[in-house]
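Residue numbering restarts at 1 for every chain, and letters A, B, ... go by the order of the sequence lines.
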Number of protein chains: 2
Amino acid sequence: MKFEAVTIKDIAKALGLSTSTVSRALRDSYEISQETKKLVLDYAAKINYHPNPIALSLKERRSRTIGIVVSEIANSFFSQVINGIESIAYNNGYNVIIAQSRESFSREMLNLQFLTSRSVDGLIISVSTETQDFSFLQEFHERGLPIVFFDRIVDQIDTHKVIVDNYKGAYDATMHLLDSGYRHLVALANSESLSITRERLAGYQAALKDRGIDSGGERVRYCKHGGMILSEVEDALNGLLDEPVKPDAILALADKLTTGCLRLLKQKKIDVPGDIGLIGFSNTDLTELLEPPLSVIRQPAFEMGEIATNLLLQLIESKRPVTEFETRVLSTELLIRQSTRRIKSPDIVSL
Amino acid sequence: MKFEAVTIKDIAKALGLSTSTVSRALRDSYEISQETKKLVLDYAAKINYHPNPIALSLKERRSRTIGIVVSEIANSFFSQVINGIESIAYNNGYNVIIAQSRESFSREMLNLQFLTSRSVDGLIISVSTETQDFSFLQEFHERGLPIVFFDRIVDQIDTHKVIVDNYKGAYDATMHLLDSGYRHLVALANSESLSITRERLAGYQAALKDRGIDSGGERVRYCKHGGMILSEVEDALNGLLDEPVKPDAILALADKLTTGCLRLLKQKKIDVPGDIGLIGFSNTDLTELLEPPLSVIRQPAFEMGEIATNLLLQLIESKRPVTEFETRVLSTELLIRQSTRRIKSPDIVSL
DNA sequence: ATCGTTACCGGGAACGATTGCGTAAATAAA
DNA sequence: TTTATTTACGCAATCGTTCCCGGTAACGAT
């Protein structure tokens, strides 16, 4: 079952040269005569020689590989980011290794262990919902592993970051709900520990405040597992629906929550937007085909991947330690569709 | 930017032992005294030693890593398969490296090159739509790389394969359309070279034949790029809609084609299922939330991943070359929803 | 006293590639 | 002719690990 590859030794032996000469010939060193070079190059091509990257990684302590850690590749947002990352990475001669944490802290640690032990030259990561302890990341960072955070960032670690203006995204969406005549808003959020949750929630609350509406602490429910488990979303949603003041619109603060919410409302035969309005963060390209077409806040995912990769490569290829870091903030896009088209006349009591 | 790891040498030096002794102590060799073992083990734990997998891969010519090649991770079917693969792989101490071909032959080759050069111990692959030349795969296979095909398999290469009963899936779906009163069926297919296209199309045509309906050669359109480009699907769809006998139902033979088709029909304001019925292969978990809820043929993707991985591990860990290969065929599931609920009364002329 | 075991440990060669250094031959400069 | 310089190549160390050989004690049996 082993699978023998051609090595530099085979070439050396066949040509009666030393491995050093072959190596140098292949790297086009000035110390090697034209004839010898041609000889080696031709023979290498003939027997389809490719340098062994494992040996190279061992020697050079670099792998021209970057690691990606996301919670779930099935999530459109993340798969779009990954496509962005790959596009830049490939153009720069880098390969990528993708790992999913599935929102589990332990899986995330295992993945990180795997990636670093395989000598990835750098890391692009959006942390899992469960992750509260960043010390392991901190440690890798301090030991010199170049890291770029995107989406769910870690404030404590000083490095490049790529995010969207989550505050504004949520603010605008909330304003849109209010402008549409909805009054009793509730929010369905990811784990409290996540940067995106905090930022988005702040935008939501600021919008309510700017309109002089008392948001109340109870009108937000969190999903610890980021909606990985539908029952968790159901519990949160039930909590919201059971509020003393019945909500007339929901703001979902993550992709999985948005679609999960719609699924549950349908199950409960609660009409959207008739009984309740719904808007949420989502990058699924199916949202416009849903019943009803979903109003969403969309992130420039592909671009985020591109930017993150460029920043990472900059970090990797920098000669001396980088100390100046930047946080790129991109804009979200608000796509207004059916699910927030208020049908009932505004509730007088709430005005 | 370098990132120094603890090696066996550090331990040896610190403890005044040789690297051989340390290595043996760590592997719990009988030749090492209990005291020394404890000494080494304790110290290794203390300084958080982890063997360098790169060095191990170089030495052992194996990496406990399996490579996955799919056309696109954003595709629900593939991401579900990947989850199945990971679940088994992790439980057996293997890691996975995911690569996407994005339906491009050259990308597929590059990925394969990357994976094998990183010494993956085996490969699980569903080939890209573009791939017509399997010689490179054949070569890897002959050189001893364990391969398991799933979904889009390669008949010419003799190894384990995991598929669904595509013939029956398409047959049943077609029968369902006919039973619902549709008469003028058309099919939207992937590239002709794909195994799944051939099998599904055979099922479709067999159903028509069994009902005494002349399918006609022109009532199938192919999408070379597997629907990666929407315009391609549009051209194909337009071709079908322009048929002399206007179709009243569409069978889409791949995930991307199914949703792409719905998107285009909506754009064209063609009502589903009012003007035309639609059923297709899809593993997207959003299909029931679509407008209309989509009737689909669903594949047991997770299970396929699990089986493929078990077969691959069997291949990898087998002492002697395996010569007996199996093709596991799983069942599809037919989920009937709105999109194939015929509304108009059957067209008399067509009966 | 000598031999054979057993228990324990170290030296050094791999794995595939790069690279600093040494050096022979060929050429140029003196 | 002698010395200096260039050209072109090989040796050996290195990366981290394993493992085939050794080797050296200690001990019991002869």
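- Not a single donor-acceptor pair, N or O on each side, falls under 3.5 Å between the base of dT17(D) and the side chain of Lys59(B).
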Assess whether side chain to side chain donor-acceptor pair (under 3.5 Å) is satisfied between Ser128(A) and Thr131(A), documenting all intermediate values.
CA-CA 5 Å; Ser128(A) 91; Thr131(A) 311; 2.7 Å; yes
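- Between Thr7(B) and dG16(D), a side-chain N or O to OP1/OP2 separation shorter than 4.0 Å is absent.
- Donor-acceptor pairing under 3.5 Å, judged by distance alone, is present between the side chain of Ser20(B) and the base of dG12(C).
- Distance Tyr30(B) OH to dC20(D) C1': 11 Å, rounded to the nearest Å.
- One interatomic measurement links the two molecules: CZ of Arg62(B) to P of dG16(D), which rounds to 22 Å at whole-angstrom precision.
- Across the protein-nucleic acid pair, Glu31(B) atom CD and dT24(D) atom P stand 17 Å apart, rounded to whole Å.
- For the pair Leu58(A) CG and dT14(D) P, the computed distance is 14 Å after rounding to whole Å.
- One interatomic measurement links the two molecules: NZ of Lys9(B) to C1' of dC15(D), which rounds to 7 Å at whole-angstrom precision.
- The side chain of Thr19(A) lies closest to dT18(C), out of dG16(C), dT18(C), dA8(D).
- The NE2 atom of His50(A) sits 16 Å away from the C1' atom of dA17(C) (whole-angstrom rounding).
- Taking atom CD of Glu35(A) as the reference point, atom C1' of dT7(D) lies 11 Å away to the nearest angstrom.
- The number of heavy atoms from other shown groups lying within 6.0 Å of NZ (Lys37(A)) is above 12.
- Taking atom CZ of Arg61(A) as the reference point, atom P of dA17(C) lies 19 Å away to the nearest angstrom.
- Across all strands shown, Thr36(B) has heavy atoms under 4.0 Å from sugar-phosphate atoms exclusively, and none from any base.
- Under the 4.5 Å side-chain criterion, counting only non-hydrogen atoms from C-beta, Glu86(A) is in contact with Ile82(A).
- In this structure, of dG16(D), dT19(C), dC9(C), it is dT19(C) that holds the atom nearest to the side chain of Arg27(A).
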Exercise for the section: For the pair Phe302(A) and Phe77(A), evaluate ring pair (Phe, Tyr, Trp, His ring centres under 6.0 Å) and give the outcome as yes or no after the intermediate values. Expected result: CA-CA 8 Å; Phe302(A) 188 88; Phe77(A) 170 69; over 10 Å; no
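- You'll find that the side chain of Leu56(A) is closest to dA17(C), out of dT17(D), dC19(D), dA17(C).
- For Ser23(B), the listed nucleotide lying nearest its side chain is dT18(D); candidates were dG16(C), dT18(D), dG10(D).
- Side-chain nitrogen and oxygen atoms of Ser33(B) include at least one within less than 4.0 Å of the OP1 or OP2 phosphate oxygen of dC9(C).
- Distance from the side chain of Leu17(A) is smallest to dG10(D) among dG10(D), dT18(D), dT18(C).
- Comparing Pro51(B) and Lys37(A) against DNA chain D, the residue whose closest nucleotide sits nearer the 5' end is Lys37(A).
- Ser117(B) contributes a side-chain N or O that, together with a main-chain N or O of Gln113(B), makes up a donor-acceptor pair within less than 3.5 Å.
- Within 3.5 Å, a donor on the side chain of Arg24(A) pairs with an acceptor on the base of dG10(D), or the reverse.
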